[in-house]
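Each chain gets a letter, A, B and so on, in the order the sequences are listed, and its residues count up from 1.
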Amino acid sequence: MTTELPKAYDPALIEEKWARYWVEQRLFDVATPTGEAAARNTFTQLLPPPNVTGRLHMGHMLNQTEMDILTRWHRMMGETSLWVPGTDHAGIATQMMVERLLAAEGKTTRRELGREAFITRVKQWKEEYGGAITEQMRRLGASVDWSREYYTMDENLNVAVREAFIRLYEQGLIYRGAYIVNWDPQIQTAVSDLEVESEERAGHLFHVRYDLADGTGSITIATTRPETMLGDTAVAVNPTDERYTAFVGKSLTLPLSATGGKPGREIPVLADDWANPEFGTGAVKVTPAHDPNDFAIGKRHGLPAPLIMDAEARIDLPDSPYHGLDRFEARQRIVADLDAAGYLVKVEDHTLTLPISQRTGAVIEPRLSLQWFLAVNKEPAGATTTPAADSSGRGPNSVAARAVAAVRSPTNPDGPIKFTPEMYSKTFHLWMDNIYDWCISRQLWWGHRIPAWHCGACAHINVAREAPPACTACGSTTLEQETDVLDTWFSSALLPFTAFGWDGSGTLTADLAAFYPTELLVTGFDILFFWVARMIMLGTHLMTDVPLPNGSRRTLADTVPFRNVYIHALVRDANREKMSKTKGNVIDPIGIVEKYGTDAVRFTLASQASPGTDIAFSEARTEGNRAFANKIWNAARFLHMQIERGREAGYTVTLRLHDSFALELPEHTPLETRWIFARLGAVSAEVARALEAYRFDEAASAIYQFFWGEFCDWYLELVKLRLVFPAAVEPDAADAVTAIPAELNDVTELTLGALVTVFEAALRLLSPFMPFLTEELWHALYSQVDAAEPPAKSIALTRYPQAADFAGDAASAAAMTTLQELIVTVRALRKDLAVPEKEPAPIQIAAVPAIAALALANADMLARMARVASVEVVPQTPTGANARATGSFDVAVVYERQIDVAAERERLEKDIAKFTKGLLAAEKQLGSESFLAKAPAHIVDGLKKQSEETRSLREKAEAALASLPVA
RNA sequence: GGGCGGUUAGCUCAGUUGGUUAGAGCGCCUGCCUUACAAGCAGGAUGUCGGGGGUUCGAGUCCCUCACUGCCCA
């Protein structure tokens with residue numbers, strides 16, 4: 001059965017079909033290798049889990065394209081190539097989405113529904129809609145192992161999260177404490193520092209007078225947040241600030257605090273270095289419960305820290321006239337009242353930097369609250385090595401210290417984890433050097449609940465796997481489970497081992513034995529700290545207990561979650577603007593895919609994915625790459641036609657898949673076929689080199705250049721010379737077949753075989769980049785050649801082309817290059833001479849005997865490619881307007897038509913100027929003693945040779961110019 | 001304020017440890033509907049490599065400095 005290829009390439013007709021086929025046939029499922037096979041011929045990657053609520057964006061598509069290219073490449077290189085997909089339960093995002101849903105449908109709230117029912121509702125939502133983003137992944141052809149798909153709220157994750165928590169708690173690394181956290185009043189939870197962005201906004205600096213309690217004077221403070229004065233417990237001035245020295249130790253009466261006949265509250269004036277004499281008035285109010293810096297001051301001076309706002313950031317002081325007001329409303333009222341009471345000294349315009357919640361966009365309210373933290377710099381209890389804290393005071397076995405040791409950098413060359421581009425390791429270390437404890441609790445309902453029970457009697461915290469029957473401290477049975485859940489990133493930090501069955505027991509599962517550490521993590525810079533750093537911290541800490549397959553204890557290098565991290569660029573819009581919903585410049589990858597096809601978009605992303613540079617996504621380039629796909633499509637149609645003709649002429653067309661054919665070419669193999677195999681080998685080597693270095697752009701460009709610039713533009717045109725089928729020679733003649741020499745027949749058959757062999761190999765080369773197109777054409781090709789089944793269920797399961805698969809033939813490659821140069825020169829000359837395109841013209845060539853012979857021997861090639869009527873070798877260099885000189889030959893086109901003298905003059909003068917410039921530079925260097933003495937011989941020789949050549953070219957150009965008629 | 005990048009053709013970007021006359025795609029100009037492909041073919045134009053200084057026989061590449069620009073952290 002043969003497959004008819006439609007005339008035009010239409011990705012819509014093929015992509016969905018193959019996407020479905022790959023999933024249904026489970027082609028990329030990986031069985032756990034055991035025994036010998038487990039001995040590390042694996043390539044394993046973990047998909048950075050997209051939020052289950054998410055929709056695919058360009059960043060995902062870039063990430064997945066890169067991961068898929070590598071996965072497919074390693075698979076085709078014969079490795080056990082495993083790519084594990086999954087999704088993240090995304091605590092805040094998911095909870096918000098379901099809350100919005102509830103509001104929209106039934107006008108109920110989470111609280112009205114209750115915790116249990118709400119969670120059930122979230123799970124329902126996930127069942128129904130949570131697959132959207134993985135559906136999109138399937139559409140993109142991601143060659144993942146769907147049988148291993150994870151979800152960070154899966155039951156096994158729950159067990160693992162609990163075990164990890166308990167372990168860290170028992171080691172004294174998890175603790176609970178009252179600290180200032182970033183409070184998001186919209187969703188009413190603490191968020192980590194990483195989840196806070198800062199934004200500059202226009203605001204005011206309010207100068208407020210605080211009077212001394214003894215009435216002897218006043219201090220004016222400056223604040224951007226006057227509403228927090230309700231919680232002031234001091235005013236601080238710098239100890240070196242002479243303006244205020246006399247005030248230190250005295251008491252101030254807090255303005256507006258005298259209410260209902262009660263006297264105003266008194267607060268002390270403190271000396272503290274934090275007060276900046278340069279800023280504002282040099283005196284700052286101190287609100288320990290609502291500002292991180294003030295909190296630190298409060299700690300230093302033992303100040304009380306009264307909370308003045310509730311979880312929604314409304315004033316929460318029942319006795320105050322501001323009770324119940326939103327913080328911004330309270331600000332206005334308080335400023336008005338201060339003004340009315342004469343305390344407001346002045347108001348300045350001031351640009352302030354506001355902390356904004358990344359998830360909700362709400363202004364963060366720093367708030368004192370009880371939270372759970374992971375101590376990152378602390379030595380774990382029971383650590384085996386003696387703590388010898390470094391200068392930073394960080395324990396050598398602390399999670400941060402191990403993570404730092406794990407990442408390779410110029411200062412840490414033995415680190416087992418290598419970052420690409422390397423510069424990110426600097427960023428990583430810089431961040432790690434300043435890291436502080438990670439707030440891991442969230443006041444949400446959706447997430448892994450913290451396994452702790454508070455004793456109602458003695459307040460002891462019981463951390464346990466299951467609800468304990470009684471308090472372990474006092475025996476009371478009044479226990480209440482902690483309501484907080486864990487930060488989403490806590491569970492995703494465990495993924496590199498939970499994905500392979502880690503349950504906290506220290507058991508080495510077969511999957512862990514085979515796949516941990518994973519080989520590579522491909523991700524964006526944005527989650528370097530959120531996720532990458534935390535995986536490294538928890539992996540290097542928790543995996544120490546799991547033995548190696550040989551039973552020995554893991555060293556640092558075996559505990560790391562991955563050995564390589566490739567950080568890719570950000571995809572921006574065509575104008576290099578960051579894509580954002582508010583700007584409305586978000587490019588939906590699915591829309592682009594529908595317009596141009598997945599293959600074209602993948603190829604575009606790959607070809608622009610140069611490390612360290614952001615990608616300005618270009619639709620024009622995508623269009624160009626769709627044209628590339630179309631080009632290949634049409635090359636396939638050409639092949640099919642030739643195979644059909646061959647069959648009609650009685651040939652058997654055999655597709656000899658990477659067997660000896662490409663390596664041992666028969667003696668009568670024509671030049672162009674020797675050349676194309678040599679090129680195929682060289683390109684295969686280049687692609688391998690590029691992919692090893694994550695140079696997707698170079699790999700893509702090498703393949704593009706080969707497929708279009710060499711295979712299509714040259715080889716396909718040249719084989720038309722060879723594919724002379726008996727019926728095609730003289731369709732009417734009865735003796736057509738006998739008119740063809742047997743030798744020529746051999747060449748036809750050989751060329752037909754070479755053509756399909758090269759094309760099939762080129763498809764394999766392209767396949768990781770354009771999996772759909774190549775799958776379609778590969779199957780179609782097998783249906784066209786002799787009836788045998790394809791050697792695999794998919795091109796993705798075949799061998800990747802490698803340099804050693806093809807005959808290298810340097811002599812043929814060089815000869816071909818010379819002929820190409822000759823053809824291009826003749827074409828250009830013909831154009832200058834305005835020879836009509838279809839009119840053949842003779843040429844004259846002067847060159848060394850080998851090149852002259854080459855031209856004569858390949859006159860047929862010249863005829864086909866450059867309409868050369870005949871080749872005449874002449875002893876003397878042709879000069880004049882119809883001649884050109886190159887380093888290898890001089891050639892003239894014999895044609896009488898007058899040329900454009902002015903244009904020719906201009907061209908020659910330009911050439912001469914260029915040659916002269918080059919010559920001058922070369923002569924200057926060659927005339928320098930020190931150059932001759934110090935430069936390596938091959939540079940000197942090369943320059944000499946080149947300058948001789950340039951001199952000769954310049955002479956010829958001058959002669960040509962002189963021979964031009966005077967204008 | 002601290003840190004890390006970037007500045008190369010009209011646009012988007014390559015350019016390995018310094019080495020011969022700096023490349024690609026897109027766009028642009030000219031001519032072709034050549035039976036695989038007009039989503040194509042052939043030919044062509046275009047750069048004081050951000051400015052200045054230095055090291056070197058030799059600098060787009062290394063160093064200093066300035067300018068502009070982006071990102072991260074305060």
Side-chain angles (χ1 to χ4, degrees), chain A residues 5 7-10 193-194 197-198 353 421 423-424 426-427 430-431 434 525-526 528-529 570 572 574-576 578 596 600 604 607-610 612-642 689-690 693 695 697-698 700-702 704-705 708-709 712-713 716-717 720 823-825 827-832 834-838 864-867 903 907 910 914-922 924-936 938-947 949-950 953:
Chain A
L5 293 178
K7 188 165 185 221
Y9 162 66
D10 183 357
D193 300 293
L194 287 174
E197 288 166 351
S198 48
T353 311
M423 94 183 142
Y424 288 114
K426 262 192 256 177
T427 313
L430 214 69
W431 186 71
N434 299 303
F525 173 78
D526 50 336
L528 180 60
F529 306 133
L570 200 69
R572 296 166 173 276
N575 302 317
R576 298 194 54 78
K578 207 167 174 173
Y596 299 102
T604 303
S607 65
Q608 290 196 270
S610 161
T613 315
D614 284 348
I615 294 175
F617 184 79
S618 152
E619 230 180 291
R621 277 181 90 135
T622 314
E623 209 172 328
N625 287 323
R626 183 187 54 182
F628 176 51
N630 182 58
K631 184 80 182 172
I632 295 163
W633 183 268
N634 280 292
R637 290 182 57 235
F638 173 77
L639 258 78
H640 284 219
M641 277 178 54
Q642 302 310 317
R689 190 206 57 74
R695 291 306 303 260
D697 57 330
E698 289 180 351
S701 139
Y704 183 98
Q705 177 54 35
W708 197 324
C712 291
D713 286 352
L716 286 191
E717 292 307 316
K720 287 175 185 173
I823 287 162
V824 167
T825 309
R827 280 173 181 167
L829 262 178
R830 288 173 51 95
K831 199 91 165 181
D832 277 0
V835 182
E837 295 231 1
K838 285 180 180 168
R864 163 122 213 143
M865 303 297 283
R867 298 261 177 200
R907 187 185 68 78
K910 219 164 165 178
K914 189 178 79 183
F915 294 145
T916 304
K917 193 180 156 201
L919 259 183
L920 278 174
K924 190 183 158 207
Q925 283 222 316
L926 286 169
S928 154
E929 297 263 331
S930 51
F931 171 71
L932 297 174
K934 291 182 185 176
H938 73 276
I939 296 294
V940 177
D941 292 347
L943 192 61
K944 275 182 184 163
K945 196 176 156 203
Q946 182 225 316
S947 80
E949 202 174 291
T950 307
L953 286 175

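Phosphate contact (OP1/OP2 of B:A39, side-chain N/O of A:K7, threshold under 4.0 Å): absent.
With B:G31, B:G43, B:A39 as the choices, the nucleotide that has an atom nearest any side-chain atom of A:R827 turns out to be B:G43. The A:C712 side chain lies nearest to B:A36 when the options are B:G44, B:A36, B:C72. In the set B:G40, B:C4, B:C72, the nucleotide with an atom closest to the side chain of A:F525 is B:C72. Taking only side-chain atoms of A:L430, from C-beta outward, the nucleotide of B:G3, B:A36, B:U12 with the closest atom is B:G3. Closest to the A:Y9 side chain, of the nucleotides B:G3, B:C37, B:A39, is B:A39. Here the side chain of A:K426 is nearest to one of B:U34, B:A36, B:C4, namely B:C4. Comparing B:C26, B:G43, B:A39 against the side chain of A:V824 picks out B:G43 as the nearest. You'll find that the side chain of A:A635 is closest to B:A36, out of B:G44, B:A36, B:U34. For A:W708, the side-chain atoms get nearest to B:C41 when compared with the rest of B:C41, B:A39, B:G31. Looking at the side chain of A:K831, the nearest of the listed nucleotides B:U30, B:C26, B:C4 is B:U30.
With a 3.5 Å limit on both pairing distances and Watson-Crick or G-U wobble geometry required, the stems of 3 or more pairs in RNA chain B span B:1-7 with B:67-73, B:10-13 with B:23-26, B:28-32 with B:40-44, B:50-54 with B:62-66.
With RNA chain B read from its 5' end, the first of the two nearest nucleotides for A:D697 and A:N634 is the one closest to A:D697. Both A:E698 and A:T950 sit near RNA chain B, but only A:E698 has its closest nucleotide nearer the 5' end.
In this structure, A:Y424 and A:F525 have tilted ring planes: the angle between them lies in the 30° to 60° band. Between A:W431 and A:F529, the ring planes are parallel. Angles under 30° get that label, and only those over 60° would be called perpendicular.
A pairwise comparison of heavy atoms in A:R695 and A:D697 identifies NH2-OD2, 2.8 Å as the closest pair.
The salt bridge (charged side-chain N to carboxylate O under 4.0 Å, His left out) check on A:E623 picks up nothing, with sequence neighbours excluded.
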*Begin with the C-alpha distance, continue with both residues' side-chain angles, and end with the deciding distance and a verdict on side-chain contact (heavy atoms from CB on, under 4.5 Å) for A:W633 and A:D10.*
CA-CA 9 Å; A:W633 183 268; A:D10 183 357; over 6 Å; no
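Counting atom types as modelled, A:Q608 pairs no side-chain N or O with a base atom of B:A14 as donor and acceptor under 3.5 Å.
Rounding to the nearest 0.5 angstrom, the gap separating the CG atom in A:L639 from the CG atom in A:L716 is 7.0 Å.
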